[in-house]
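What follows is one structure encoded as structure tokens, with my remarks underneath.
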Amino acid sequence: MKIGVLGTGVVGRTISSRLIELGHEVKMGSRSANNEAARNWVSANGENASNGTFGDAAAFADSLVFNCTKGEYSISVLSLAGEYNMEDKVLVDISNPLDFSRGMPPRLSICNDDSLAEQIQEAFPSVRVVKTLNTMNCNIMLNPERVSGDHNVFLSGNDVSAKADVIDLLKSAGWKVSNIIDLGDITTARGTEMLLPVWIRLWSALGTTDFNFHIAR
């Protein structure tokens with residue numbers, strides 16, 4: 001599968017490299033086609049890796065585009081990517097509305113009666129947004145065996161078939177079906193985004209990012 005990844009930070013690079021390990025072709029997008037981090041990533045990841053602008057990456061994708069940008073920039077990045085390049089494609093949104101303007105720990109810039117995922121879906125109505133993977137460190141997202149035992153990944157989205165496509169990808173990355181929880185429509189992303197303050201404090205208390213949430217039932 002050809003997959004576009006928006007973002008050249010540690011999350012974007014980690015996700016992109018793992019997708020290549022899973023056998024996909026990946027184009028990493030950034031504001032400039034000559035982005036140094038993206039070019040270095042391509043050099044390290046072989047013939048299935050390429051890079052370009054945000055628009056190039058979105059257009060390259062067969063059906064899946066990953067939003068790996070910082071939440072404060074996601075809407076503007078997706079505008080640069082172009083809704084016409086993502087129309088009817090699945091946008092896997094792993095961003096979070098974190099505000100670092102006052103330092104650590106960050107605040108949520110959107111919460112309670114709205115979410116970043118909802119704002120993205122409203123801004124780009126022809127794109128099928130699925131919020132997922134945003135409640136764990138990027139090294140675990142597509143490599144769940146990094147954390148031993150059962151732990152969970154959540155999905156939120158309005159399009160059932162889009163969520164099914166994302167579930168197929170998650171399964172191929174090693175997620176057990178029993179550990180994938182579909183929370184419902186895109187408004188349920190409010191809950192997963194609001195887990196981030198808890199996650200950040202767990203990171204501080206545990207001294208590691210190698211942990212995840214597990215729902216015992």
Side-chain angles (χ1 to χ4, degrees), residues 1-100 106 109 116-117 119-120 123-124 126-144 146 153 162 165-166 169-170 172-174 196 209-210:
M1 185 188 302
K2 293 181 178 180
I3 299 176
V5 174
L6 308 180
T8 62
V10 63
V11 178
R13 298 194 305 270
T14 301
I15 288 290
S16 297
S17 296
R18 179 59 175 149
L19 287 170
I20 287 177
E21 289 177 1
L22 293 171
H24 302 288
E25 296 179 53
V26 177
K27 184 177 285 292
M28 179 181 288
S30 58
R31 293 182 185 274
S32 167
N34 296 315
N35 181 278
E36 183 177 4
R39 287 190 287 108
N40 291 339
W41 172 81
V42 170
S43 297
N45 281 275
E47 62 182 8
N48 286 332
S50 62
N51 73 289
T53 65
F54 291 128
D56 293 334
F60 172 83
D62 292 325
S63 59
L64 287 178
V65 179
F66 275 76
N67 175 31
C68 298
T69 64
K70 291 182 179 179
E72 61 187 312
Y73 304 124
S74 289
I75 297 288
S76 62
V77 165
L78 292 166
S79 295
L80 290 172
E83 185 172 2
Y84 54 91
N85 286 322
M86 300 182 287
E87 186 173 358
D88 292 330
K89 295 179 183 179
V90 179
L91 180 68
V92 183
D93 176 35
I94 63 177
S95 63
N96 283 300
L98 298 177
D99 176 3
F100 291 92
S109 59
L116 178 57
Q119 292 190 4
I120 291 172
F124 306 97
S126 71
V127 181
R128 300 185 293 157
V129 180
V130 177
K131 188 80 178 194
T132 190
L133 297 171
N134 64 305
T135 56
M136 64 195 77
N137 179 263
C138 60
N139 289 304
I140 300 167
M141 291 176 179
L142 295 180
N143 188 22
R146 189 178 176 98
V153 58
D165 290 344
V166 175
L169 179 68
L170 293 175
S172 74
L196 264 294
T209 58
D210 285 340

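Evaluation of the salt bridge (charged side-chain N to carboxylate O under 4.0 Å, His left out) rule for R13 yields no partner, not counting sequence neighbours. With sequence neighbours excluded, the residues that form a side-chain contact (heavy atoms from CB on, under 4.5 Å) with E36 are R39, N40. Under the side-chain hydrogen bond (donor to acceptor under 3.5 Å, both in side chains) criterion, E25 pairs with no residue at all, not counting sequence neighbours. Partners of S50 under the side-chain contact (heavy atoms from CB on, under 4.5 Å) rule, at least two apart in sequence or in another chain, are K27. For the salt bridge (charged side-chain N to carboxylate O under 4.0 Å, His left out) test, residues two or more places apart in sequence or in another chain that qualify with E21 are R18. Remark: S126 pairs with E83 by the side-chain hydrogen bond (donor to acceptor under 3.5 Å, both in side chains) rule, at least two apart or across chains. Annotation: side-chain contact (heavy atoms from CB on, under 4.5 Å) contacts of A38 (sequence neighbours excluded): T8, M28, N35, N51. Evaluation of the salt bridge (charged side-chain N to carboxylate O under 4.0 Å, His left out) rule for D62 yields no partner, not counting sequence neighbours. Take N143 and apply the side-chain hydrogen bond (donor to acceptor under 3.5 Å, both in side chains) test, not counting sequence neighbours, and it matches no residue. Partners of P106 by side-chain contact (heavy atoms from CB on, under 4.5 Å), not counting sequence neighbours, listed by chain and number: L98, F100, M104, I200. Residues satisfying the side-chain hydrogen bond (donor to acceptor under 3.5 Å, both in side chains) test with D165, not counting sequence neighbours, are none.
Side-chain contact between L19 and L142 is present, with at least one heavy-atom pair separated by less than 4.5 Å. Between I120 and S74 the shortest side-chain heavy-atom distance falls below 4.5 Å. Using a 4.5 Å heavy-atom threshold, the side chains of L133 and L170 count as touching. Put simply, the side chain of I15 does not reach to within 4.5 Å of the side chain of V26, judged on heavy atoms. Side-chain contact between S63 and V90 is absent, with no heavy atoms from C-beta onward closer than 4.5 Å. Two residues are said to be in side-chain contact when any heavy atoms from C-beta on lie closer than 4.5 Å; S95 and L116 meet this criterion.
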Can T53 and L80 be said to form a side-chain contact (heavy atoms from CB on, under 4.5 Å), step by step? CA-CA 9 Å; T53 65; L80 290 172; over 6 Å; no
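Checked by atom type and distance alone, the side chain of S109 pairs as donor or acceptor with a backbone atom of P97 at under 3.5 Å. When atom types are taken as modelled, the side chain of N96 and the backbone of N134 share a donor-acceptor pair closer than 3.5 angstrom.
Nearest approach of G55 to N85, heavy atoms of both residues: O-ND2, 3.5 Å. The two residues A49 and I20 have their closest heavy-atom pair at CB-CD1, 3.5 Å. C138 approaches T14 most closely through the heavy-atom pair O-CG2, 3.6 Å.
Contacts classified as salt bridge (Lys or Arg N to Asp or Glu O under 4.0 Å) and involving residues 89-99 (residues at least two apart or in different chains) are given here: D93-K131, D99-R107.
Atom CE in M1 sits 8.0 Å away from atom OG in S172 (nearest 0.5 Å). Atom CG of residue L196 and atom OG1 of residue T135 lie 8.0 Å apart, to the nearest 0.5 angstrom. We find the CZ-CG distance between F124 and L78 to be 4.5 Å, quoted to the nearest 0.5 Å. Between the CD atom of Q119 and the CD1 atom of I75 there is a distance of 6.0 Å, given to the nearest 0.5 Å.
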